[in-house]
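Right, one structure below, let's go through it.
All values reported here derive from a predicted model rather than from experimental measurement. Any value given below was found using the heavy atoms of this structure, including those in side chains, with hydrogens, waters and symmetry copies removed.
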Amino acid sequence: MKQTSPLQQAMFQDMADKHIFDQAKNYGYEYVDQAWDRHVYPSEKALSQLSVFDEALPDNIGHASDILAHLHTYGSPATVSQIAGRYFGFVNGGVVPAGLAARCLADFWDQNTAMEVISPISAKLESVVESWLRELFGLPEQTVAGYVSGTSSANLCGLAAARYRILQRQGWDINEQGLFAAPRIRIVTGHHAHSSALKAIKLLGFGRANIEWVEVDDQGRLIADQLPDLDAQTIVVLQAGNVNSGSFDPFEAVCIKAQQAKAWVHVDGAFGLWAGASQRLKPLTTGMELASSWAVDGHKTLNTPYDSGIVLCADPEAMVSAMHMSGAYLVRGKKRDGMFYTPEMSRRARIIELWATMKYLGRQGIDEMIWGMHERARQFAEELTAAGFEILNDVVFNQVLVSCGSDDATEQTLQRVQELRTCWCGGSSWFGKKVIRISVCNWATTAEDVSQSVASFVQARNEVMSLPKSNLY
């Protein structure tokens with residue numbers, strides 16, 4: 001018999017008797033059963049009870065069952081119910097059940113997806129999903145995919161590939177020579193570029209002060225006629241889905257100009273790129289296939305479990321070179337080694353739930369789900385307009401911008417909506433005006449959810465308007 005320490009004995013026992021896994025499963029079932037009817041945002045009591053986690057690190061080995069019970073008792077009530085149908089705050093998607101179940105299985109596998117030799121199943125699924133994405137979005141045949149944590153990382157990878165290629169064309173090896181004294185790279189983007197793209201620009205050493213800003217129209221779309229002259233040292237960053245209005249930049253017009261100048265176009269499509277997978281919404285993305293790289297999330301519009309970003313690049317050599325790594329101990333696979341397409345070496349197998357979600361939905365299901373989000377957004381706009389609210393954007397996809405007239409009335413109505421907890425929305429600013437921002441990106445959102453949420457808006461506004469004017473203005 002193997003000699004084991006007390007700690008090993010305890011953990012071998014936990015693995016063997018399966019009790020804690022059954023316990024976690026039952027807690028998960030209980031959470032799902034309650035998610036659809038509970039308040040979207042945690043109660044004040046649940047938030048205050050989070051103080052139970054303020055403790056010193058224990059000295060002794062604990063009991064797994066007690067830890068799970070503690071986490072469920074105080075943690076579950078303090079979550080935001082994003083998997084149900086009335087969360088419209090940040091662009092956080094729900095979760096397709098098949099993808100959630102696949103993630104549970106993958107968590108038991110606990111795969112590291114750096115190399116094919118470490119996880120053959122992950123390497124295979126990464127290749128399969130790569131081909132599915134190319135087909136779904138109509139991207140060039142040579143396009144490769146890297147599976148990262150989210151669009152922030154995907155933007156970083158896409159722009160890193162662009163940086164490598166632009167400098168390489170000028171005889172400069174960024175990997176060997178670094179950025180000091182490197183040829184200048186121009187960054188061109190619209191005034192409504194998302195903060196994650198701007199963050200990538202800063203991290204890669206381009207500097208925000210060097211951005212050549214382009215004017216946008218009243219929907220936040222970059223105006224193609226306002227583009228500066230492009231050249232082979234230029235990266236143009238476009239958007240598929242303005243984070244406020246949901247609008248789409250004019251891909252075709254910009255990409256044609258960029259191709260003529262041999263400039264690189266990167267598309268930040270965190271949630272909006274998926275419009276290209278819906279036949280009725282596909283016109284919004286016309287010309288996006290002419291770009292050089294794209295960033296998109298699975299955990300937003302596609303509704304995979306969280307932590308699922310994708311970078312796509314039509315220049316495989318630039319992507320692999322930008323993510324370059326080497327080591328005598330590394331074992332190159334015969335097919336795909338995922339670490340050559342991402343910044344990380346060690347990554348959990350997020351590809352498994354992405355594959356499961358896409359396989360379950362299929363082309364038809366993806367189309368239906370995405371179109372359904374658009375329909376619910378339009379319903380929001382129509383019912384809120386009928387109730388006397390002002391809609392400030394053209395609802396072309398899944399975003400709705402709401403005003404109650406004055407900034408004060410809008411902000412206080414939003415605060416009251418959040419306090420009522422029937423639904424949850426966030427606030428933003430749209431051309432200098434305060435707005436309530438609604439993001440519909442959950443398969444579970446029904447027509448009844450929207451109507452119930454609109455009723456909450458009406459109640460909140462009525463309560464705010466009943467306040468003395470000194471409190472409102």
Side-chain angles (χ1 to χ4, degrees), residues 1-34 49-79 83 95 97-127 147-149 153 299 304-308 325-340 342-357:
M1 179 178 291
K2 293 181 180 179
Q3 290 187 346
T4 57
S5 70
L7 175 59
Q8 288 175 316
Q9 291 174 18
M11 291 195 287
F12 275 130
Q13 186 61 43
D14 284 336
M15 282 289 193
D17 66 20
K18 312 294 188 299
H19 170 73
I20 59 171
F21 304 120
D22 287 336
Q23 184 181 357
K25 177 190 71 177
N26 292 332
Y27 287 155
Y29 290 165
E30 182 180 331
Y31 182 83
V32 168
D33 288 341
Q34 297 173 354
Q49 288 181 334
L50 287 174
S51 61
V52 302
F53 293 103
D54 295 325
E55 59 179 336
L57 179 66
D59 292 325
N60 301 315
I61 300 170
H63 297 282
S65 179
D66 293 342
I67 291 168
L68 285 173
H70 190 70
L71 189 60
H72 180 56
T73 300
Y74 298 105
S76 293
T79 61
I83 66 171
V95 60
L100 178 59
R103 176 166 182 163
C104 291
L105 177 58
D107 283 343
F108 275 94
W109 290 356
D110 195 28
Q111 297 289 280
N112 178 351
T113 60
M115 293 178 283
E116 183 184 23
V117 70
I118 298 178
S119 180
I121 177 60
S122 300
K124 169 56 72 175
L125 295 184
E126 286 190 356
S127 295
Y147 303 97
V148 293
S149 58
S153 295
H299 59 241
T304 66
Y306 236 81
D307 183 36
S308 182
M325 61 187 69
S326 61
Y329 66 97
L330 299 177
V331 179
R332 293 295 299 265
K334 294 180 180 179
K335 295 182 179 179
R336 177 190 173 94
D337 292 314
M339 67 181 180
F340 294 115
T342 67
E344 313 101 326
M345 293 183 70
S346 297
R347 291 178 295 122
R348 73 169 194 85
R350 55 176 66 96
I351 187 60
I352 294 168
E353 61 259 29
L354 177 57
W355 170 84
T357 300

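Two residues are said to be in side-chain contact when any heavy atoms from C-beta on lie closer than 4.5 Å; Lys124 and Glu116 fail this criterion. At least one side-chain heavy atom of Met339 sits under 4.5 Å from a side-chain heavy atom of Met115.
Partners of Ala106 according to the side-chain contact (heavy atoms from CB on, under 4.5 Å) rule, which considers only residues two or more places apart in sequence or in another chain, are Ile352. Every residue two or more places apart in sequence or in another chain that forms a side chain to side chain donor-acceptor pair (under 3.5 Å) with Ser149 is listed here: Ser153. By the ring pair (Phe, Tyr, Trp, His ring centres under 6.0 Å) test, Phe53 pairs with His70, sequence neighbours left out. Residues satisfying the ring pair (Phe, Tyr, Trp, His ring centres under 6.0 Å) test with His63, not counting sequence neighbours, are none. Annotation: side-chain contact (heavy atoms from CB on, under 4.5 Å) contacts of Ile121 (sequence neighbours excluded): Trp109, Gln111, Ser119, Leu125. Under the rule for a side-chain contact (heavy atoms from CB on, under 4.5 Å), the partners of Ile61 that lie at least two apart in sequence or sit in another chain are Leu7. Under the rule for a side-chain contact (heavy atoms from CB on, under 4.5 Å), the partners of Phe21 that lie at least two apart in sequence or sit in another chain are Met15, Lys18, Phe108.
Rounding to the nearest 0.5 Å gives a distance of 11.0 Å between CG of Leu50 and OH of Tyr74. Here OG1 of Thr304 is found 6.0 Å from CG of Leu354. Values are rounded to the nearest 0.5 Å. Separating the OG1 atom in Thr73 from the CG atom in Asp66 is a distance of 10.5 Å, to the nearest 0.5 Å. The OH atom of Tyr306 sits 4.0 Å away from the NE2 atom of His299 when rounded to the nearest 0.5 Å.
Within the structure, the side chain to side chain donor-acceptor pair (under 3.5 Å) test picks out the following pairs touching residues 22-32 (sequence neighbours left out): Gln23-Tyr27, Gln23-Ser65, Glu30-His72, Tyr31-Thr79. The side chain to side chain donor-acceptor pair (under 3.5 Å) pairs that include a residue from residues 51-62 number zero, where partners must be two or more places apart or lie in different chains.
The nearest pair of heavy atoms linking Pro305 to Gly99 is CG-O, 3.7 Å.
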Just distance, no hydrogens or angles: give the donor-acceptor pairs under 3.5 Å from side chains in residues 344-351, sequence neighbours left out.
residue, atom, partner, partner atom, Å
Glu344, OE1, Thr342, OG1, 3.4
Ser346, OG, Asn112, ND2, 3.3
Arg347, NE, Thr342, OG1, 3.4
Arg347, NH1, Thr113, OG1, 3.4
Arg347, NH1, Glu126, OE2, 3.3
Arg347, NH1, Tyr147, O, 3.0
Arg347, NH2, Thr113, O, 3.1
Arg347, NH2, Thr113, OG1, 3.2
Arg347, NH2, Glu126, OE2, 3.1
Arg348, NE, Asp307, OD2, 2.9
Arg348, NH1, Glu353, OE2, 3.1
Arg348, NH2, Glu353, OE2, 2.5
Arg350, NE, Val148, O, 3.2
Arg350, NE, Asp307, O, 3.1
Arg350, NH1, Tyr147, O, 3.0
Arg350, NH2, Asp307, OD1, 3.1
Arg350, NH2, Asp307, OD2, 3.4

